[in-house]
K.L.:
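Sharing a structure here in structure tokens format.
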There are 2 protein chains.
Amino acid sequence: MDAWTEVLQDTGMDPRLDRDTSNCSIARTLEIVGEKWTILILREVWYGSSRFSDFERVLGCPRNLLATRLRMLVEEGILATETYKEPGSRSRPKYVITPKGMDLVPAVMGLLQWGDRYRADPEGPAVLARHRECGARVDVQVRCERGHPVQAKDIESVPGPAFRLRSSE
Amino acid sequence: MDAWTEVLQDTGMDPRLDRDTSNCSIARTLEIVGEKWTILILREVWYGSSRFSDFERVLGCPRNLLATRLRMLVEEGILATETYKEPGSRSRPKYVITPKGMDLVPAVMGLLQWGDRYRADPEGPAVLARHRECGARVDVQVRCERGHPVQAKDIESVPGPAFRLRSSE
DNA sequence: AGCTTGAGTTTAATTTTAGATACTCAGCCA
DNA sequence: TGGCTGAGTATCTAAAATTAAACTCAAGCT
């Protein structure tokens, strides 16, 4: 009997198929970063952009969408606004990444890595990620708490503390 | 002078802002897994679902979208179809993950991990990922080729072999 | 021969996004 | 005082995605 079956011995329900999926962390993350321009904005922040006009120029994103996405990222605490002042101009806002935003790096590096492997141009990737100190390329890896590298097939998903069934009204 | 500026000394263009973004690996990955139900289907495959009716039941996704997304995932080589036969019924297709699909695990684990940290219920996550051999929890980490753990802020992005400027016709 | 089931397809209505365009607004400078 | 600039808003149209609901289709069973 696996960990799913244990949680539900007597009811006729299937814990995998009849569970409540509304508190899934993947779905909740996608609610925030799953919209079309959002991850691309974050990509540009990582590459060094910070101004409204930078994003507009490099992404070609309509201004109204850009404003909406930036506002949402700030509300969620993924970006923060600061001000900058170009000599001879007034102060204007710029967008910088927060620690909460930095914590999205592994997820986005995962997308980058898969794209590099399966969808890159014949010459290779358009952008490379390097470790600033040693210059070596970086990648994302799955590891367990004890530090062992973990193959995808050796990951077991089990019900967690917030596991619950879909209410069957 | 940083690695971006080096590639473009004489033109008046800014390599970060005037580069061609159409061959970005992140964007290309999102073209495939960025649609609404796609990642959630993969999540269910990892949790053990394989049949059309499984996905429909647990996701509550409309059947036509489910069929479209499954077909796309098979065309892209992320899922493959096999057949199963329930006693007394005819053979029917089921969907299993391929190695190419397994390679999306780090990206999706990254999303899961961020959601667990910032958007989980007070009790904790709904699902936990464990290393099958040792039972310890797994997470995704950014490391460099030499095995050093890398902080997000220590990642430097530099132009890669397929870097090019946006043509300015 | 007709009923049932799982796995779809079709259709049509609704909702959401995307995108273009024009407009606003605050301060700096001449 | 008037023009310029960066950072937005507002408005509208077109395109795409989402959804529910009804329909199809091929075995297996009775």
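Only a predicted model underlies this, so the values are computations on that prediction, with no experimental measurement involved. Chain letters run A, B, ... following the sequence lines, proteins first and then strands; every chain starts at 1.
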K.L.:
So, A/Glu133 and B/Arg146, do they make that salt bridge, N to O below 4.0 Å?
P.N.:
no

K.L.:
In terms of the angle between their ring planes, are A/Trp4 and A/Phe163 parallel, tilted or perpendicular, with boundaries placed at 30° and 60°?
P.N.:
perpendicular

K.L.:
State plainly whether the residues B/Asp2 and B/Arg16 are in salt-bridge range, i.e. N to O under 4.0 Å.
P.N.:
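Counted as a salt bridge, because a side-chain N and a carboxylate O are separated by less than 4.0 Å.
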
K.L.:
Could you state the CD-P distance from B/Glu35 to D/dT18, rounded to the nearest angstrom?
P.N.:
7 Å

K.L.:
Rounded to whole Å, please give me the gap between CG in A/Leu59 and P in C/dA18.
P.N.:
13 Å

K.L.:
For B/Glu56 and D/dA20, what is the distance between atoms CD and P respectively, to the nearest whole Å?
P.N.:
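Answer to the nearest Å: 10 Å.
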
K.L.:
Whole-Å distance between C/dG8 P and B/Leu73 CG?
P.N.:
13 Å

K.L.:
Rounded to the Å, how far apart are A/Met72 CE and C/dT16 P?
P.N.:
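Rounded to whole Å, this separation is 17 Å.
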
K.L.:
Ion pair present between A/Asp139 and A/Arg117, side-chain N to carboxylate O less than 4.0 angstrom?
P.N.:
no

K.L.:
Could you encode protein contacts along nucleotides 5-11 of chain D as a string, one character per nucleotide from 5' to 3', using B for base contact, S for sugar-phosphate-only contact and - for no contact, with a heavy-atom cut-off of under 4.0 Å?
P.N.:
BBSBBBB

K.L.:
Given atom CG of B/Leu40 and atom P of D/dT18, what is their separation to the nearest angstrom?
P.N.:
11 Å

K.L.:
Donor-acceptor pair, B/Thr68 side chain versus B/Asn64 backbone, under 3.5 Å?
P.N.:
yes

K.L.:
Quickly work out the A/Leu65 CG to C/dG19 C1' distance and round it to whole Å.
P.N.:
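Atom-to-atom, A/Leu65 to C/dG19, this comes out as 7 Å.
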
K.L.:
If you assign each of A/Cys61 and A/Lys85 to its closest nucleotide in DNA chain C, which residue comes earlier from the 5' end?
P.N.:
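Its nucleotide being nearer the 5' end, the pick is A/Cys61.
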
K.L.:
By the 4.0 Å heavy-atom rule, please label B/Arg57 as base, sugar-phosphate, or nothing.
P.N.:
nothing

K.L.:
For A/Trp37 and C/dA18, give me the distance from atom CH2 to atom P, rounded to whole Å.
P.N.:
8 Å

K.L.:
With the threshold set at 4.0 Å, does a side-chain nitrogen-carboxylate oxygen contact exist between B/Glu76 and A/Arg119?
P.N.:
yes

